[in-house]
Structure formats: C-alpha cells, structure tokens
Amino acid sequence: MSSDRSISPLTDPTPRRLQGGRVGSLELALIFIGLLCGLIGVIVLAVGADAGGSLFEVVEFVVLFWIWVAAGICAWWRRPTNGMGGLLLIGAVSILLVATGYLDAPALIPLYKVFGSSTLAVAVHLLLAFPSGRLRGRFSTFIVVYVYIIAIGFGTARALAEGTAAFGPLSFAQTWLGLSAMIMAAIVMVRRLRAADPAHRRVLLPLFVYGIIAVVGLPNVPNILFPLGASPVLIVSLQILLLAGLPIAFLLGVLLGSFTRTTPLEALSEWLAIRGASRPAVAQALATTLGDRSLRVVYRDAAQHRFVDEDGAEVAIDETDGERGWLQVVVDEELVGAVEYDARIIADPSPVRRAAEVLAIALDRERLTTQLLSSNEALTHSRIRIVEAADRERFRIARDLHDGLQMQLVLLAIEAQTIANSASDSSVTGEVEALRHGIDAAAADLRHLVHNVLPAALLEQGLVAATEDLVDRLAVPATLHAELDETMIATSTAHTAYFIVAEALSNTVKHARASNVRVTMAQRDGVMRLEIEDDGIGGARIGAGVGLRGLADRVEALKGTIEIQSEPSAGTNVRVELPCVS
C-alpha cells in the first residue's frame, strides 16, 4: 500500500508509542543488554591485561565485539520483529569467543579452537537472511546449515585431532568445503540481485559485494600476507577491520534501505482505541507497526465477491508473486479483508497475522465503509443515468409533439381555411374562421410548450446560443458573458446549465422586480462555472419552490454545487459549478 499518506503532526491521532516516542519493555531489555555487553568487554580487557597475553589484539577484538553489539541493538530496536538484530548479537558472541584465543588462558583455548571460524558462518547467515532476518528457500537454509557444520563441526573435529595425522586432512577439507559454501552463497545472492527491483537492488548490491569480499578475504588474508613477510599483528588487524565493516554494512542496509522502524503491538491497540481514526490511518498504522512502507490493506466486498482498496476500487490479487505476501483477515469466521506486504522484508507472516488480529475490528469497520463508498459511487452513476434518461425522454416528447401533434394542428388549420374559403354561407365561414384561429392559437401554445420542454436552439445551436436567445427575449435588461468550449461539455451538463439559467431568469421576471440581470458562463480545469445575478428585492432560497429544488437535485446528481445568496433588498446571486464531463 505504495502512495504518500502523511498526516500533519497537529492532527495526527496516532499515539506517541506508535510514532516511536515512548520507551517500552523491549527497549529497556536492549538497554540492559548493551550495558551488560559493555561490562563483559571491560572484564575481558582486564583479564587480557592480567594474563599477559596479546593485549593489543584483545583490545581490537573487544572494540569489534562492541561494534557488533551496538549494530545488533540498533537494528533490533528499529525493527523488533526482524531477526537481523538478533543475528548481529550472535555474531558479537562469536567475536567474543574468538577473542578468548588471545587471553593466554589455557581453560579458554578449546573455545577458541571450536568457535574460531563461527563468525564467518554468522556472516554468511546474515547475508542470506537480509533484510528480514529469516532464510527464504530450502537452498539458502541448506547453505547456512552447511556452513555452520563446516565452521563449528570441523572446528571441533580439528580440536580433537590436534597433534594427530588427521589434523592436516581435516584442515584441508574445512578450507575447501568453506570455499564451496561461499560459492553457493554467491550464487544465491546473484539470483536475488537479478530478481530484485531497482530500489532493493541499490541496497543489496553494495552489501552483498562487501559481504562476499569480507567472507572470502578473512580466511585467505593469512595465506596471502604470511608468504610476503607480514607480521601476525598486521594480519589480525586487517581481519578485524574486515569484520568491523560487516555489522556496519548490515546496519546501514537496515537504516538506509527504506526498512522503517517497527513498533509494538500494544501501541497499535492504543491507536485503535482512539476515536476518529480515519481509513487511510488503518493502513498507515499497520505499515508503521510492521515497518513496511509498501504494505497495503484491502477490504472484502462480499456482495461483489472481490477485494477493494480504501477508495472502493477493485484490487487484483496475485498470490503467485513470491516477493509479495498476502494474509487474509477473518472476523467471526467471515473474511473481511487482506494485508499485502513485502515478503522480502517480512519473511515470517506471524507478526503480520498478530497485527492484523489487533486491527481486525477496524478492518471490518473500514470494509463496511468501503462498501458504502462503492454503493455511493454506484448511486451517483445511477443518478447521472437517470438525468441523462430524463433528457432523452424530454427530447423524445418534444420531438413527438413537434413532428406529430403540431403538424396535425397545422394541417387542421389549413383544412379549416380551405373549408372557409369554399363555403358560400357567411355564418359558416365565420365559424370556420374562428375555428382556424383557435387551431392557430393551440399550435402556438404547443410550440411554446415544446420550447419549454427542450428548446430547438439548445439542440441545434448549443448552450451559448440557447442561453443568448433566453437573454434576448427577457423582459428585463440582461447581459450575457460566456467563455465556453462546448465540445468539452457533456450533454447532461449543458442541459442542466440551460435549465438553471431559464429557471433563474423566470424567477427574476416573476418575483425579483429587478432592473438588470447579468449571466456569466466560464469554463476552467474541467469545471463549468455559472453565475446569474440580479439587483432585485432578494429573498430567494432553494426550498421556497419546486423549480429551484428540482434543479438543485439535478446539480447534486451530476456531483456539482449550487449556492444562492439572496439577502432581502440586496438582489439574488446564483452560483453553480458543474463538471464538464459527467
């Protein structure tokens, strides 16, 4: 659910916890972990100083340990439901285990021998689990299990076989099996890069490139530099430098890769209790809680058997897209909606399910609101169709009257005149003449009626010409100013505008006692603006008569607006806005 739906801080109903403004239990736990790891680092430094080991390397490893811890805490704080923070902290523990090899403490040497390569395994795990913190696909899972076996399993075997003939083959096998694991991991990462969209590729590419360089370079730095005569201190320092860049690279990927901070579910429940939370805020709150800006909430339209968005538009669901996840939301065994999210960021649907359960009632409420919007939209279209149908029926009646009854009256008048001309009796001639005059009067009344039903000028010459004809025939001095492109105006809009002008001018003549009338018609930005202003006695209002009330209903049906300002003794001003296209 991509688009920008930001809310002003002055009107945003979202609680501070949902906005990330309050420290919760998880944050307190992470603070405790940070303090504890700081204390552990100090203890390791003290032990290294007293044991007489390589203090410089110990200091380097402790600083490296703190870097990994800080990155893990920051990532976990930002996205509590994501596994990246936990993996970074596991990596920090592996760094601490490696540091035991430099403390000159015999009791800790076995730990170093067993877990000395575990940091490489954690690095591969981090690369394949980014950005969700969970592995996707059996091949990725196999690679990670495989690399942990190589790092820890073979490390244990080498520790047990030290000093025996099996130590050399085990070391050789560990080296080449590790290289095969790196190759398989690189294949997976290349596939992910090719399948990623440009936004994700910009984040993944530098991270994967650095990760591969670091993972491949760490075990090979000694093989390259020892033959060149480099000192062990320099080699260890370069390895530590490569390791220090890994958590920073992953943290930057989380911070800069559009992976927004998540928030606790309690904050979502708090938000739900607030009155006045709008429909867009439902999706916004869920996206904030789960840290996925692309998250979209859709609602079930049971009547139409489809999913619709918050505006009532139908949404197509593609459940075959492996990059997007779909989770249905059910209330009382009734499907009320669904949540679409980025499966690359949120690999485990459990947080989405828990958050959706919290929001289920709100989703059901918004589903009903969406259905109402769809019904209102359908009702609007129906009213427009009724207006257009009424215009077509009006045209049919006018045509039938003109072409049928009016022509019959004309023929009757001609026949009566013929009878009068051929009659020899003067009394009969007078009666027939009177009959002909009556027929002529009826025909004139019929023409006036046809003109009122639908003027021929409106059909044949357009809105401006028909309105000009109205203004010219008005008993009150009137002016017309029109700037319209009638080719851009729908027929229903043109007819409605004409009838509004006709009704307003009729009311001016009958009731306003005006000495001047001005009609203005303009068109801008797809809207036709109509204004009829007189200097009469005022006092007009929509509810005062059937004519204006009917026209107001017609304007509303076309999704337009009508406004009447008519203070007593201050004249009347009728302003109408109509969409050019119905």
Side-chain angles (χ1 to χ4, degrees), residues 386-399 401-402 444-484 486 489-523 528-536 538-558 560-566 571-578 580 582:
I386 290 174
V387 169
E388 293 173 346
D391 286 341
R392 288 193 297 270
E393 185 65 15
R394 188 190 297 267
F395 172 73
R396 186 191 64 79
I397 293 172
R399 183 189 58 197
L401 289 175
H402 180 274
D445 290 341
L446 183 59
R447 282 193 297 272
H448 182 69
L449 176 61
V450 170
H451 183 274
N452 289 336
V453 170
L454 196 62
L458 182 60
L459 294 175
E460 298 171 0
Q461 303 177 44
L463 173 62
V464 175
T467 306
E468 188 175 3
D469 181 58
L470 272 178
V471 171
D472 290 342
R473 292 188 292 107
L474 199 65
V476 178
T479 58
L480 170 65
H481 179 71
E483 294 181 357
L484 297 178
E486 296 192 53
I489 299 176
T491 301
S492 57
T493 300
H495 289 182
T496 299
Y498 175 83
F499 292 129
I500 290 172
V501 173
E503 181 67 24
L505 294 181
S506 176
N507 289 341
T508 298
V509 173
K510 294 178 181 178
H511 311 294
R513 305 175 194 170
S515 60
N516 185 58
V517 182
R518 182 169 56 89
V519 179
T520 305
M521 308 173 79
Q523 176 184 352
M528 185 175 74
R529 292 172 174 83
L530 182 65
E531 183 175 1
I532 305 99
E533 185 177 11
D534 67 50
D535 58 356
R541 61 183 187 277
I542 290 180
V546 177
L548 282 178
R549 178 69 265 174
L551 291 176
D553 291 340
R554 184 179 177 117
V555 169
E556 184 180 353
L558 295 179
T561 60
I562 182 170
E563 178 185 359
I564 297 180
Q565 295 179 351
S566 186
T572 300
N573 185 288
V574 180
R575 295 178 181 174
V576 179
E577 290 189 356
L578 294 169
C580 293
S582 61

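For reference, positions follow the sequence shown, starting with 1.
- Annotation: side chain of Ile532 is in contact with side chain of Ile500 (closest heavy-atom distance under 4.5 Å).
- For the residue pair Arg518 and Asn516, no side-chain donor N or O sits within less than 3.5 Å of a side-chain acceptor on the partner.
- Across every non-hydrogen atom of Ala478 and Val471, the tightest pair is CB-CG1, 3.5 Å.
- Applying the side chain to side chain donor-acceptor pair (under 3.5 Å) criterion to Ser515, with sequence neighbours excluded, gives Asp535.
- Rounded to the nearest 0.5 angstrom, Asn507 CG and Asp534 CG are separated by 9.5 Å.
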Under the criterion side chain to side chain contact (heavy atoms under 4.5 Å, CB included), I'd like the reasoning laid out for Leu463 against Met528: C-alpha separation, chi angles, the key distance, then a yes or no. CA-CA 12 Å; Leu463 173 62; Met528 185 175 74; 4.0 Å; yes
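- Contacts of Arg513 classified as salt bridge (Lys or Arg N to Asp or Glu O under 4.0 Å), with partners at least two apart in sequence or in another chain: none.
- Considering all non-hydrogen atoms of both residues, Thr572 and Gly538 come closest at OG1-CA, 3.6 Å.
- When side chains are defined from C-beta on, Val519 counts as touching Leu505, because their heavy atoms get closer than 4.5 Å.
- Residues satisfying the side chain to side chain donor-acceptor pair (under 3.5 Å) criterion with Thr561, sequence neighbours excluded, are absent altogether.
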Test Thr520 against Arg529 for side chain to side chain contact (heavy atoms under 4.5 Å, CB included), laying out the working first. CA-CA 8 Å; Thr520 305; Arg529 292 172 174 83; over 6 Å; no
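- Separation of atoms CG (Asn573) and CD (Glu533) is listed at 4.5 Å; rounding is to 0.5 Å.
- Note that OG1 of Thr479 is 11.5 Å distant from CD of Glu468, once rounded to the nearest 0.5 Å.
- Residues Val509 and Leu474 form a side-chain contact, since some pair of their non-hydrogen atoms from C-beta on lies under 4.5 Å apart.
- The backbone N or O of Ala504 lies less than 3.5 Å from a partner atom in the side chain of Thr508, making a donor-acceptor pair.
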